[in-house]
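Numbers restart at 1 for each chain; the letters A, B, ... are given by sequence-line order, proteins then strands.
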Amino acid sequence: MIPSATLFGLAGAALVGIGLYGFLAHAHLLRRLLSFNVLGSGVFLMFGAAAWRSPWIGADAVPHALIITGIVVKLAGSALAIALLVQLARATRRAALPEDEGRPP
Amino acid sequence: MNLVIGPLLPFVALAWPLLLGLGAAWPAWRERALWVLPAAPLPALLLAIAWPEGSTTAPALLLGTVLVLNAPGRLLLGMVAVIWLAAGIFALGYFRAPRKPAVFAGFWCLTLSGNLGVMLAADVATFYVAFAAVSFAAYWLVVHDGSARALMAGRVYLVLALLGEALLLVGLLLGVAAADSLSIAAVAASLSEAPLALTCLILGFGLKAGMVPLHMWLPLAHPAAPTPASAALSGAIVKAGIIGLIRFLPEDAGLWTTGLILLGLVGAYGGVVAGLLQRNAKAVLAYSTVSQMGLVLAVLGAGLTTEAALYAAHHGFAKAALFLGVGVLAATGRRALPWVLALAALPALSIAGAPLLGGALVKAAIKPGFAGWLEWAVALSATGTALLLARALWLAVRGRADAADARPAPLLWAPWAGLILVALALPWFLLASFSTLTPGYVLGLASLWDATWPLLLAALLAAPFLRLRPRVPALPEGDLVVPLGAAASAAMHTLRRLPEPTGPHLALPGATRGKAVLAALEAALLPWRRGGLLAAALVLALAWSLAG
Amino acid sequence: MTAVLPVLILATSLVPALLIFWLPERAWRARAWLNLGGAAVKILLVVFLMVEVANGVTHEARLDLAPGLYLLLRVDALTLLFVSLSAFLWLMTTIYAIAYLGDGPNLSRFFGFFSLCVAATTGLALAGTLITFFIFFELLTLTTWPLVVHKEDAKSVKAGRLYLAYSLPGSAALLVAIIWLESATGPVIFAEPGDLRVLSDASLMAIFALFALGVGVKAALFPLHGWLPEAMAAPAPVSALLHAVAVVKAGAFGIVRLIYDVFGIALTAELGVGLPLALLAAFTILWGSLRALQQTEVKKRLAFSTVSQVSYIILGAALAGPYAVIGGLVHLVHQGLMKITLFFCAGLYDERAGITRIDQLDGIGRRMPMTSICFTIGAMGMIGIPPVAGFVSKFYLGLGGLQAGEPWVVGVLAASALLNAGYFLPMLYRIWFGVAPADAPQADERSLGMLVPAVATAAASLAAGLFAGAAISPLAWASLIAAGYLP
Amino acid sequence: MTTLLLSLPVALPLLAALLAVAASRQAAGLAMATGFLVLGLSVWLAFEVAAAGPITIALGGWEAPLGIVLRADGLGAGFLVVSAMVMAVVLVAAQPSFEDQGQESRAGFAFWPLALLLFAGLNTAFLSRDLFNLFVALELLTLSAIALVAIEGKAGSVTAALRYMVFALLGSVLFLLGAALAYAAHATLDIGLLAQVELGWPMAAALALMTMGLAIKTALFPFHAWLPPAHAGAPAPASAMLSALVPKASFVILLRLWFDLAPELASPLLLAVLGGLGAVAVIHGSLLAIGQDRLKLIIAYSTVAQLGYLFLVFPLAGGAGGAQPWSAGAWTAASFHAFAHMLAKAAMFLAAGLFLRAVGHDRLEGLRGLARAMPIACFAFGLSAISLMGLPLSGGFTAKYLLLTSAFASGQWGWGLVLVAGGLLAAIYLFRPLNLMFSKEGAAASLTPVPRWEQVLPLLLALAAVLLGLFSAGPFAFLQIGRPGAAAEGLLP
């Protein structure tokens with residue numbers, strides 16, 4: 001049986017991989033942002049998995065605190081990104097950076 | 001530190017003309033500036049006549065100036081002073097409405113100071129400075145009247161003077177380096193070991209003294225200058241070259257012993273031939289100077305230094321008198337002409353070595369230097385001299401005043417007559433101390449004959465000419481200068497028109513293309529996908545290398 | 001040993017500079033007093049320091065920047081030769097510039113940078129280490145640039161660009177050379193540079209070449225001289241500064257320091273780097289003269305003449321014989337005096353008669369006699385006609401060449417003298433004997449502020465030659481310096 | 001007392017940012033006051049550090065690994081002081097731009113809190129020793145910076161901000177991933193503690209991730225393309241902060257990672273990659289700067305190039321330390337370079353802002369004749385240009401000298417040549433605008449007047465950059481306080 005920590009770690013890694021792919025592959029910024037959130041979640045999952053020490057000690061509390069802080073930070077980042085994206089879409093009727101669509105910047 | 005160690009008078013003699021020259025520029029004195037001319041050489045005259053031999057030093061001046069008063073220098077110093085004095089007095093009568101008198105007086109004084117300086121200088125730097133002063137300042141005397149002819153003559157004079165200075169500088173530098181001393185005596189002693197230095201010096205001095213083929217400036221410049229200045233130029237200034245040779249020639253001049261004699265004789269005869277083909281009295285006289293200086297060079301080559309000085313001094317007085325004579329004749333009407341002409345002929349005869357005149361003595365003095373065919377050649381040159389000077393007088397008479405009863409003013413004839421007197425008489429007093437002969441020798445029958453036959457020969461040769469009056473082809477003044485000058489100015493023209501290198505450029509070749517390439521690269525880095533992949537690749541590479 | 005004097009002598013131009021920047025444009029009186037006061041105090045200090053140095057007292061000041069990097073100001077005989085020249089010429093140029101620029105625009109900026117420039121020159125002369133030298137050398141470049149572009153017209157701006165385009169790569173080469181050297185030997189203090197032998201011969205040669213390249217730009221050594229003639233677009237006082245007081249002098253001074261205080265005569269000879277430099281200098285002498293001959297503008301001709309003349313200094317330094325050193329060093333002063341005279345006069349011609357081309361000089365001697373006399377003296381000095389100072393330099397250089405076993409030097413000197421005559425005499429001829437055309441513009445020289453400096457420097461060039469043997473002449477001082485360098 | 005000294009530079013701007021949102025009318029005054037207060041505190045702290053050595057505090061009494069530890073050593077305090085200087089001046093200079101727009105406009109409202117948040121993030125990054133804290137600081141810094149880029153809401157600047165965002169997010173996530181790995185391997189995030197344990201391959205992977213994340217945030221070539229449009233598109237005071245301050249935070253963390261935390265892990269490839277990319281950045285950024293026709297773009301590309309120099313520290317560190325006792329080498333030089341760049345670049349952007357205001361646009365042609373109209377601002381521009389070119393006497397020169405010495409002393413000529421070439425290229429792109437300022441032909445007839453006091457502000461910063469070179473002995477000694485051993489010995493044995 002795979003220990004749950006390892007499972008969480010592997011799942012996190014998978015999420016990182018999927019998120020990274022999406023982050024790189026999509027030109028549409030909203031998709032890209034969503035991918036980034038997947039990526040971030042993967043990182044947090046891995047972080048959480050790293051908190052597991054041993055059955056006797058249980059989980060380390062520090063990563064949990066850090067993950068919560070991280071989620072707040074990511075939330076703020078995403079909010080700012082969405083705000084900017086909305087503004088871009090209003091101004092240019094596009095939701096992608098020009099160079100990613102092959103337009104001149 | 002003492003400013004001057006030794007007697008002050010030699011310095012005063014040099015500085016006094018300069019002070020007068022500067023004073024002449026003072027606005028209030030400008031109009032009457034010419035009056036300083038006769039006063040300028042007086043201290044030098046005193047120095048030459050009445051001062052004991054010896055040297056004096058001013059360490060702060062130039063590279064440490066040393067002046068020396070000794071036999072050949074003293075004689076030539078006196079000659080210079082007397083000629084400039086006479087010419088100065090003459091100038092007062094000559095210039096009725098002088099053009100820029102202050103400028104003329106200023107450069108007159110500067111030239112004089114330099115001319116005196118070369119006779120006194122005992123160190124190389126002072127000599128060089130004085131030589132340059134006399135060379136360059138004299139330019140203003142040559143071009144004084146501002147005519148196209150004078151300016152042209154001046155240009156030739158200047159170019160050659162510069163060439164002379166350059167030769168002199170090289171020669172002096174080589175000499176000083178060989179001797180490791182600034183003293184002229186030391187340099188002279190080491191010159192026999194430094195043939196290149198000697199050559200440069202001889203050429204440089206020879207140029208000033210009218211040595212063939214560097215004589216071209218002389219027949220141009222001397223006639224172009226106002227008459228008093230011509231007298232100074234031909235009488236005194238050319239002697240700057242002679243004193244240079246006297247001071248610097250080593251005991252053993254090697255090949256130049258022969259060289260000087262040969263070049264001298266070429267000059268002695270060539271000057272006669274070229275001079276006879278001239279149409280201007282002063283030009284003829286200038287060629288006569290070339291010819292006479294040729295003889296002096298030959299004498300120097302023969303090693304008779306003091307005799308050469310004596311000969312040169314006599315020539316200076318007589319030639320200056322002849323030049324002034326041209327001026328005097330020009331102010332003389334038909335009525336007074338015979339007397340004036342008779343007097344004017346005296347220095348001519350003296351230079352030609354007519355018996356009992358001063359010239360006969362100096363010619364006798366130089367005779368021991370030559371033997372064999374050289375003796376004949378030297379003696380025969382007197383015939384040429386006689387012919388040449390006769391032609392000069394002939395031309396001068398043709399230029400006499402139009403008014404029949406015109407008489408030269410005392411300011412004109414007095415200095416002239418004085419110079420004639422000195423020329424005729426002085427050798428009698430100096431012969432004993434400047435040569436191995438005594439005046440009694442020239443009174444001997446043999447030497448009287450030696451002095452007479454060339455003149456008789458000259459008369460014989462001249463007779464057919466006087467009768468037939470053939471047309472003589474004219475030779476341009478300065479002979480060689482015509483082709484050489486054309487070549488020189490063509491060369492200068494070419495130099496100036498050489499294609500100029502293009503100026504510095506700031507634009508780089510290919511800048512536009514480079515800019516486009518960079519911009520393309522930058523645009524390629526902008527799309528996110530590439531950046532992200534690059535980052536991922538680098539992370540992997542780094543992780544691998546760090547873990548390994 | 002005190003630190004006050006070196007700092008003070010630097011401050012005499014630095015402090016006025018900093019104050020002048022903040023003066024309003026109209027405060028020309030305050031500006032003039034600040035400048036002249038600074039210059040006067042500086043001259044007094046220089047005189048005092050000369051006595052001190054002659055008595056063997058050392059003055060130095062030190063400011064640490066980082067370990068191994070410090071500013072060292074130190075007064076030695078060579079320093080004073082340069083400082084005294086620049087102090088005297090600064091005073092003259094300031095007087096001249098005040099009259100020349102009149103009430104033109106941007107004067108506070110101009111005089112501020114002008115004084116800064118002199119401060120940089122002073123610092124460069126006082127520099128006791130290589131890096132100090134470099135720092136002031138670079139400061140000089142920077143402070144000169146606003147002066148070159150002062151007129152703000154297209155020509156000046158182009159000249160400024162060119163100046164930097166030459167100078168900055170030069171400084172970069174210099175910096176590389178210095179750091180290369182110092183990274184092996186530690187900080188190089190002049191006259192006690194430590195053991196350079198830790199580097200290989202090839203490295204030392206490369207360092208020498210880079211260094212010569214770096215300072216050669218300022219000294220207008222062929223083929224690095226292109227900026228100098230273009231910089232003539234600047235106002236006349238700036239030309240004076242470039243050609244006589246500061247910039248090209250700084251380059252030549254750098255070469256002297258390089259050979260005598262960094263490498264030393266022995267090592268220079270051992271490496272065999274002196275001769276190529278001497279040959280290059282000789283070529284520059286001839287090249288500059290030839291190019292001068294081709295020019296039709298007064299200032300350009302003078303500029304190429306500088307190219308030629310400054311290389312005399314380098315030639316002297318590179319030959320490294322006793323007389324050659326003296327000749328080179330004394331020419332540092334003599335060239336400055338003579339060339340500044342010529343530029344003062346050129347400025348007068350330009351400003352008072354509108355003359356910029358040589359063919360306009362016809363007959364100007366009659367209308368501007370004092371100016372023309374000064375010009376003549378300067379020109380004669382350049383040709384080497386005694387007793388103007390130039391002949392003394394040439395005399396020693398020639399002797400030095402022979403002493404060093406390089407007789408070709410004499411030939412170069414003679415050829416250069418003839419070439420100099422070839423381009424100066426026609427100018428003099430036009431000035432004195434040309435006939436002014438009927439439509440020549442009005443000309444007069446009633447500007448005491450411009451005339452007096454010209455007369456003073458002309459008189460100084462004459463006196464420096466005439467009294468070369470005096471105990472306090474440039475020649476005497478140069479001999480003193482040379483004696484210190486020679487074994 | 002020391003607790004307050006260390007925590008206030010972090011806390012005060014945060015507090016002020018909150019207050020500025022609440023009392024937006026007093027925001028400008030509040031921000032300026034905070035700027036000067038923090039500057040004063042930083043200087044005080046610096047004196048304390050100079051007197052007593054590095055100061056470490058644990059907030060709330062919790063020691064690492066549990067608590068938050070702040071530590072002021074020479075490097076951190078130095079950066080703190082210089083960035084506070086820049087910040088104080090920039091905040092004053094920003095006042096006319098943003099106060100006039102009134103409270104109704106978004107820019108006028110948002111600028112002050114954003115600037116203060118940025119300030120807080122910056123100070124935290126300089127003082128923190130904990131990887132996660134550093135992450136949070138970086139995020140705070142980056143997000144406020146991105147918001148500042150977009151503050152005017154124009155399409156171009158929003159695009160630039162979003163592009164910046166994308167890169168920054170990747171940088172953050174790489175850094176966070178690295179931190180998570182580090183924690184998984186060693187159960188601590190404190191740099192000091194990590195430095196003491198034996199590090200294995202997980203830490204190598206973590207370092208690779210964090211290094212790349214930080215390099216992206218520092219806009220190292222080839223991840224720099226977002227920088228010029230972002231910096232050039234922001235309003236001038238914001239550009240000054242973005243260009244001068246923001247990249248320095250990630251660079252300081254990078255220095256700490258390698259010199260404090262894991263010098264023994266460094267590989268030749270790491271040095272080659274960082275140094276090489278830095279060198280390419282120097283050349284590439286400079287060449288592109290030469291090609292620009294807008295002043296702010298020139299300055300922004302210059303930042304790309306100048307940041308490249310910083311990365312040369314990795315191969316050069318230790319280059320002169322052991323062999324040459326008179327030179328402490330490249331590590332100090334990098335800090336010097338960063339200081340000089342902070343001061344000079346901020347001055348340059350502020351001056352450019354004034355030119356833009358006077359002329360109405362920032363195309364180079366508009367600069368014609370400004371030397372006459374705005375002499376003080378032009379002088380400031382010139383002085384900061386001198387420092388950026390590394391000409392004496394300036395902080396830039398001292399840095400270049402030290403770097404060059406390291407390069408030559410250790411026989412690494414190539415880096416030395418890059419330094420020299422970079423200086424020359426900088427001269428080319430910086431003298432282009434200077435030349436135009438001195439060209440009176442074609443000068444604009446009418447200019448919007450700019451008050452003298454505003455022109456003095458960039459001059460102050462530029463003078464500081466120059467004085468840093470003239471009085472570099474003090475800062476040099478200060479930087480040695482708490483200097484890691486690897487700074488002198490180099491990253492590779």
Checklist entry - So which of Ile146(D), Leu170(D), Leu140(D), Thr142(D) has the biggest tally of heavy-atom pairs under 4.5 Å with chain A? => result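 The option with the most such pairs is Leu170(D).
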Checklist entry - Top residue by heavy-atom pair count (under 4.5 Å) with chain A, among Val158(D), Val173(D), Leu169(D)? => result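 So the answer, after comparing Val158(D), Val173(D), Leu169(D), is Leu169(D).
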Checklist entry - Are the aromatic rings of Phe135(D) and Phe132(D) close, with centres under 6.0 Å apart? => result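 So the answer is yes for these two rings.
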Could you check whether any side-chain N or O of [X] sits under 3.5 Å from a backbone N or O of [Y], counting only pairs where one atom can act as donor and the other as acceptor?
X	Y	answer
Lys74(A)	Asn37(A)	yes
Ser144(D)	Leu141(D)	yes
Arg32(A)	His26(A)	yes
Ser239(D)	Pro235(D)	yes

Checklist entry - Side chain, backbone, both or neither: which part of Leu29(A) has a heavy atom under 4.5 Å from chain D? => result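 For Leu29(A), the contact with chain D is made by the side chain alone.
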Checklist entry - For Ala76(A), is it the side chain, the backbone, both, or neither that has a heavy atom closer than 4.5 Å to a heavy atom of chain D? => result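 Both parts, backbone and side chain.
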Next on the checklist: Strictly below 4.0 Å, N to O, side chains only: are Arg294(D) and Asp362(D) in salt-bridge contact?
Outcome noted: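 Answer for the salt bridge query: yes.
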Checklist entry - Parallel under 30°, tilted from 30 to 60°, perpendicular over 60°: which one fits the rings of Phe47(A) and Tyr183(D)? => result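 Aromatic pair Phe47(A)/Tyr183(D) classed perpendicular.
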Item to check | Shortest non-hydrogen contact between Ala249(D) and Leu138(D), atoms and distance | outcome: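 Looking at all heavy atoms of both residues, the closest pair is CB-CD2, 4.5 Å.
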Checklist entry - So which residues of residues 66-73 of chain A are in contact with chain D at a heavy-atom cut-off of under 4.5 Å? => result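 Listed by number: Leu66(A), Thr69(A), Gly70(A), Val73(A).
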Checklist entry - Is it the side chain or the backbone of Leu181(D) that comes within 4.5 Å of chain A heavy atoms, both, or neither? => result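 Answer is neither: Leu181(D) stays 4.5 Å or more from chain A.
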